[in-house]
Each structure stands twice: as structure tokens, then as C-alpha cells.
Amino acid sequence: MADINYRSQHLETAKAKGQGTQLAADWTREWWFRLLAILLFAELIVPFFLWKAGLPASTDFFREVVAAAIVGLVFAFMLLRDRIPGALLLILGITLIWGMLALLEGQAMAPTAWGWWRLFKYPLIGIFAYLVPRWPADFARWFFRFCVGLLIFEIGVQLVQFAMGAPPGDSLAGTFPWKGVGPFTMFVFFVVCLGFGHWLATHQAKGLLLIIALGTVGAMLSVTKFYLMAVALLGVATLVLHLVRGGRFRQLFLYVALFILSAAIFLPVYNTFIANTRGLKPLQEYLTMDSLEGYLFSDGKGAEDGKYNLGRGLAITYAWQQISGDPVTTLFGFGLGSRTSSIALNVSGRVLDDDLYGGVNAATLGTWIQEFGLVGVGLFLCLNIWMAWKMLRHARHVDDPYLATLEYGLALFTLMWPLWLWYQKPWVSGVMMTLYWVGIGFVFQQINRPFKRRSRFADRERRVAAPPGRFLP
């Protein structure tokens, strides 16, 4: 079993291996890499340009076109290799059950198809990454450093925007579009998870300190009050993983020091430069019972978009009220796409059309409870636990610290999906979702690679041992 502490020579070995691979072949010129790069560029830059050009978000079709091309290649890969991944069979099963349920409830085909695309677009990109013929040996190192570099770039853009007079708030989010604080925050949380994963793999605190400091600056500029709470929860989860795998207690002081340092910087800076300048309440006043109740159970109507902004607590209780009418709806919800809409396509789910609140801004968890019921949400949670278990188990046995970094970080992020779904709309946060599912596809290809090699070896042995003239598949 590999040493979980990953001594420094492992890092040097990984660097040397990466340099050798780069000299052997420039994998960034591969067609699959360029296609994924175009998709990430489209998710990161195109909405920002549309916003600055004054064009509505409904004109953004480029991202969907690129994603559709990648999904088409997924099916082409399967036809050429005569191989169907198990994940695609799961997608097929979910489509049959919840798609048929929506159609039986009287929903038109268009919102059902759009709901299917919104749900499976990024997982299918993950399957594409899983089917890539051969990932380079240094991809894990490159991926981690790219994510950190992109976070530095986004914080730099935020600082430039702030220096040019942009007020702190929902639209001060780097290259993310108008009101882009949600997608920006999910990207920050994703990189923070990778930072904790890097510490678990290497026990080197410099990278984690840098990432948390950058996230703190971004959270102050975008007025993300939930940042400290999320980092604390991630620290607790990392602590549990550290203890389960036999870590030492003396290293736990790092988490306490990081949280105290972040809070000591975040609270006074936020109150002085953000709250006072914008006339907002100091951060500590949000922690009173009246403020928490108003925050979680508000149902006010937005002045800019005319949509109801349901509090995160109210969204869950309202979703439960909607599906608790009969046992079948409680278990399976209203079906795929029943609460999905598209202004550009002029489609809307059946339940959304009849909704008490009409257009609603709410986190994803409440929407999923209504669309998929308890069975669907429970299936998603079980799948997350299985994926995290596979990655954590494999991370303990790999010699590449950067691959272990990805596996620990992705496992942390995966275990936190209930929190992300409760807090935001992460399933449509394109930058984070593209990076997450590409990482998932790459990691699971590495996990299953020894099994594939053993299977091919066993097939060759069977063919050699077979009697002449006997057919073997």
C-alpha cells in the first residue's frame, strides 16, 4: 500500500514524469482537449461578453451547441468501441422512469426533453472524459494547477472591477455574467475542495492557505456571507477523512488555525469596507434568530426580474407540501422537466405553469424534490456516496500525489452535494460543472484502468486456451 503521507520524492517523481510526457507529445493539441477547452471558454467568457454587450442571456446558444457536439461524440465512441458505460445505463433508466412519469401526467415532450438536457448535459460530458482514449500522465498535476491559476485570474478581475468603481455584490464576480455570484461561488468552493484534497495527499499547507485566502477575498467582494460556514464544514469533513485513514491529531491544529485566521480577516474587513459602504448590516447581526428565520423563509418578489425569491428553508418546505398529496408523487415526484423552463425555447414544465408562485428563484434541492420525489433524491445521494467511496479508496493506493489530490478533492465536493443543492443552483453553474465532470471522468478512468487491463489479459488467455475451431466472444 502506498504511503499516505506522500513524501517529497513522490512530488519530484510526478514532476519529472510530467516533464518527460510533455517532451514526448504535446497533448494539448489533441482534438478532445481542444473541444473541452472550447466548452470551458464558452462557459467562462461568452455569458460575460453577452452581458457587457447588453444582449439577453437567452441569446447564448453557443455553449449548448458545443456541449451537444461532445454528447454526440459520446455516442460515436460507444458505436466505434461497441461498449456502453454503466453510467449511461443509469441515465437510460432515470429517463424511462421519470420521463414516462412526466408524459403520463400530461406534460408536453418539449419541456421533458429540455429537462432531460439540463439534468444530463454535464454528466454526459463526464462520460466523454471517461471514454477519452488516453489521458496524459501529468494531467492531474496540470488540472490542479489550472484550477488554482483560474481562481487567481478571477480574483484579479474582481479586484480590477472593484478598482474601476463596480460595487461589491452579486455582479462583482470576475468574468462571470450579471448576477453571476452563484456560479462564481460554486467555482470557488470547487477549488477550495481541491485545496483540502491537496493537503490530504501531501500535507503541504501552502497551497491550501493560498486558496482559502483567495476565496476569502472573492467572498468579500461578491458579499458571499456563506463562505466561512462552507469552509468550516469542508474542514470538518477533511478532519473526519484524516482521522479515518489514520492521521495524527497534531495536524488538526491546522484547521483550527485556518478557520480562526479566515474569520479574523473576513469579519472586520467585510464590516468596514463592504457593510458600512453599502449600508448593510454587520455580519454578526445576520446570526440572530430573527435574521436567520427571515433569510431562510422569505418569499419576497425580486424588483429586477419579477420572480419570487424563496428562502432556502421555505423552498424545501414548499416542495414537500407540493409532493405530499399522494404516495406516488411523494416517492417519484412530478417527473422529468416538470419544474424546468427556458425563455429562449419558450417551454415550461407542467407543474411550473400551475405553480402558486409562478416564476421562482430557488435553490436546486427544492426543484429536484418536486421533480424526482424521495426516491430520485435518495438515488442521487446513494450514487454520491458510492462515487466518493470509490475515489477515497483508490486515493489511498496511488503513488501520484496529484491524482490523489483530485480524488480527495472530488470526493469532498461530491459528499457535499446536498449542501450545494440546498444553497445554490450548482447544476447550471457551467464552469464548475465542466471542471467537476471532466475530473470525475478522468479519475474513474484511472480507477477502472487496472480492471480493464486484467479483463483484456483474461480474454487473451481464454482465446489461447480454447480448442481449435471453438468460437469465444
Engineer: Between Gln370 and Gly333, is there a donor-acceptor pair closer than 3.5 Å when you use the side chain of the first and the backbone of the second?
Structural biologist: no
Engineer: Give the minimum heavy-atom separation between Pro47 and Ala42, together with the two atoms involved.
Structural biologist: CD-O, 3.1 Å
Engineer: To the closest 0.5 Å, what do you measure between CE (Met387) and CD1 (Ile447)?
Structural biologist: 9.0 Å
Engineer: Please check if the distance between the ring centroids of His203 and His198 is under 6.0 Å.
Structural biologist: no
Engineer: For a 4.5 angstrom cut-off between non-hydrogen side-chain atoms, does Trp437 reach Leu124?
Structural biologist: no
Engineer: Mind checking the CD1-CG spacing from Ile125 to Leu36? Nearest 0.5 Å is all I need.
Structural biologist: 7.5 Å
Engineer: So, the side chain of Ser429 versus the backbone of Lys425: is there a donor-acceptor pair under 3.5 Å, distance only?
Structural biologist: yes
Engineer: Let me confirm one number: the CG-CD1 distance from Leu331 to Ile323, rounded to the nearest 0.5 Å.
Structural biologist: 8.5 Å
Engineer: Going through the checks in order, is the side chain to side chain contact (heavy atoms under 4.5 Å, CB included) test met by Phe162 and Leu159?
Structural biologist: CA-CA 5 Å; Phe162 182 70; Leu159 292 172; 5.6 Å; no
Engineer: Check Val223 against Gly169 and note the closest heavy-atom contact, atom names and distance.
Structural biologist: CG2-N, 3.6 Å
Engineer: Please tell me whether Trp420 and Trp427 form a close aromatic pair, meaning their ring centres lie under 6.0 Å apart.
Structural biologist: no
Engineer: With sequence neighbours left out, what residues match Trp142 under ring pair (Phe, Tyr, Trp, His ring centres under 6.0 Å)?
Structural biologist: Trp27, Phe33, Phe139, Phe146
Engineer: For residues Val148 and Ile211, report the shortest heavy-atom separation together with the two atoms involved.
Structural biologist: CG2-CD1, 3.9 Å
Engineer: Any idea how Phe226 and Phe189 line up, ring-wise: parallel (<30°), tilted (30 to 60°), or perpendicular (>60°)?
Structural biologist: perpendicular
Engineer: Between Tyr436, Tyr408, Phe196, which is the residue that forms a ring pair (Phe, Tyr, Trp, His ring centres under 6.0 Å) with Phe413?
Structural biologist: Tyr436
Engineer: Side-chain contact test, heavy atoms from C-beta onward, threshold under 4.5 Å: evaluate it for Leu234 versus Cys193 and give yes or no.
Structural biologist: yes
Engineer: Check each of Gln446, His394, Arg396 against Glu407 using the side-chain hydrogen bond (donor to acceptor under 3.5 Å, both in side chains) test, and report the only one that passes.
Structural biologist: His394
Engineer: Side chains of Tyr402 and Thr202: does their closest heavy-atom pair fall under 4.5 Å?
Structural biologist: no
Engineer: For Trp32, give me all partners under side-chain hydrogen bond (donor to acceptor under 3.5 Å, both in side chains), at least two apart in sequence or on another chain.
Structural biologist: none
Engineer: Using side chain to side chain contact (heavy atoms under 4.5 Å, CB included), reason through Val192 and Leu151 one step at a time and then give a plain yes or no.
Structural biologist: CA-CA 10 Å; Val192 169; Leu151 177 61; 5.9 Å; no
Engineer: Could you tell me which residues satisfy side-chain hydrogen bond (donor to acceptor under 3.5 Å, both in side chains) with Gln158, sequence neighbours excluded, listed by chain and number?
Structural biologist: none
Engineer: So which atom in Ala137 and which in Asp400 form the shortest heavy-atom distance, rounded to 0.1 Å?
Structural biologist: O-OD2, 4.2 Å
Engineer: Given side chain to side chain donor-acceptor pair (under 3.5 Å), test Trp116 with Thr95 step by step and report yes or no.
Structural biologist: CA-CA 7 Å; Trp116 182 91; Thr95 302; 2.7 Å; yes
Engineer: Which heavy atom of Pro418 sits nearest a heavy atom of Leu365, and at what distance?
Structural biologist: O-CD2, 4.4 Å
Engineer: Can a donor-acceptor pair be found, under 3.5 Å and without considering hydrogens, that links the side chain of Trp98 to the backbone of Phe372?
Structural biologist: yes
Engineer: So do the side chains of Met433 and Met186 get within less than 4.5 Å of each other, counting heavy atoms only?
Structural biologist: no
Engineer: Answer whether the closest heavy-atom distance between the side chains of Leu172 and Pro167 falls below 4.5 Å.
Structural biologist: no
Engineer: Side chains of Thr317 and Trp320: does their closest heavy-atom pair fall under 4.5 Å?
Structural biologist: no
Engineer: Would Trp417 and Leu381 count as a side chain to side chain contact (heavy atoms under 4.5 Å, CB included) if you check the C-alpha gap in whole Å, the side-chain angles of each, and the deciding distance to 0.1 Å?
Structural biologist: CA-CA 8 Å; Trp417 266 119; Leu381 295 178; 5.9 Å; no
Engineer: How far apart are the C-alpha atoms of Glu43 and Arg63, what are their side-chain angles, what is the distance that settles it, and do they pass the salt bridge (Lys or Arg N to Asp or Glu O under 4.0 Å) test?
Structural biologist: CA-CA 6 Å; Glu43 297 283 3; Arg63 294 181 295 168; 3.0 Å; yes
Engineer: With rounding to the nearest 0.5 Å, note down the distance linking CD1 in Ile70 to OG1 in Thr434.
Structural biologist: 8.0 Å
Engineer: Does any part of the side chain of Leu241, heavy atoms only, come nearer than 4.5 Å to the side chain of Leu412, both counted from C-beta?
Structural biologist: yes
Engineer: Please confirm whether the backbone N or O of Arg339 pairs with a side-chain atom of Glu371, one donor and one acceptor, at under 3.5 Å?
Structural biologist: yes
Engineer: Can you spot which of Tyr130, Phe442, Phe143 makes a ring pair (Phe, Tyr, Trp, His ring centres under 6.0 Å) with Trp135?
Structural biologist: Phe442
Engineer: Between Ile212 and Tyr227, does the side chain to side chain contact (heavy atoms under 4.5 Å, CB included) criterion hold? Intermediate values first, please.
Structural biologist: CA-CA 10 Å; Ile212 290 180; Tyr227 175 77; 4.0 Å; yes
Engineer: Give, for atom CD1 of Ile369 and atom OG1 of Thr330, the distance between the pair rounded to the nearest 0.5 Å.
Structural biologist: 11.5 Å
Engineer: Please report the interatomic distance CZ(Phe153) to OG1(Thr175), rounded to the nearest 0.5 Å.
Structural biologist: 5.5 Å
Engineer: Given side chains that start at C-beta, do those of Pro168 and Met220 come closer than 4.5 Å, heavy atoms only?
Structural biologist: no
Engineer: Can you name the nearest heavy-atom pair linking Val428 to Arg118, along with the distance?
Structural biologist: CG1-NH2, 2.9 Å
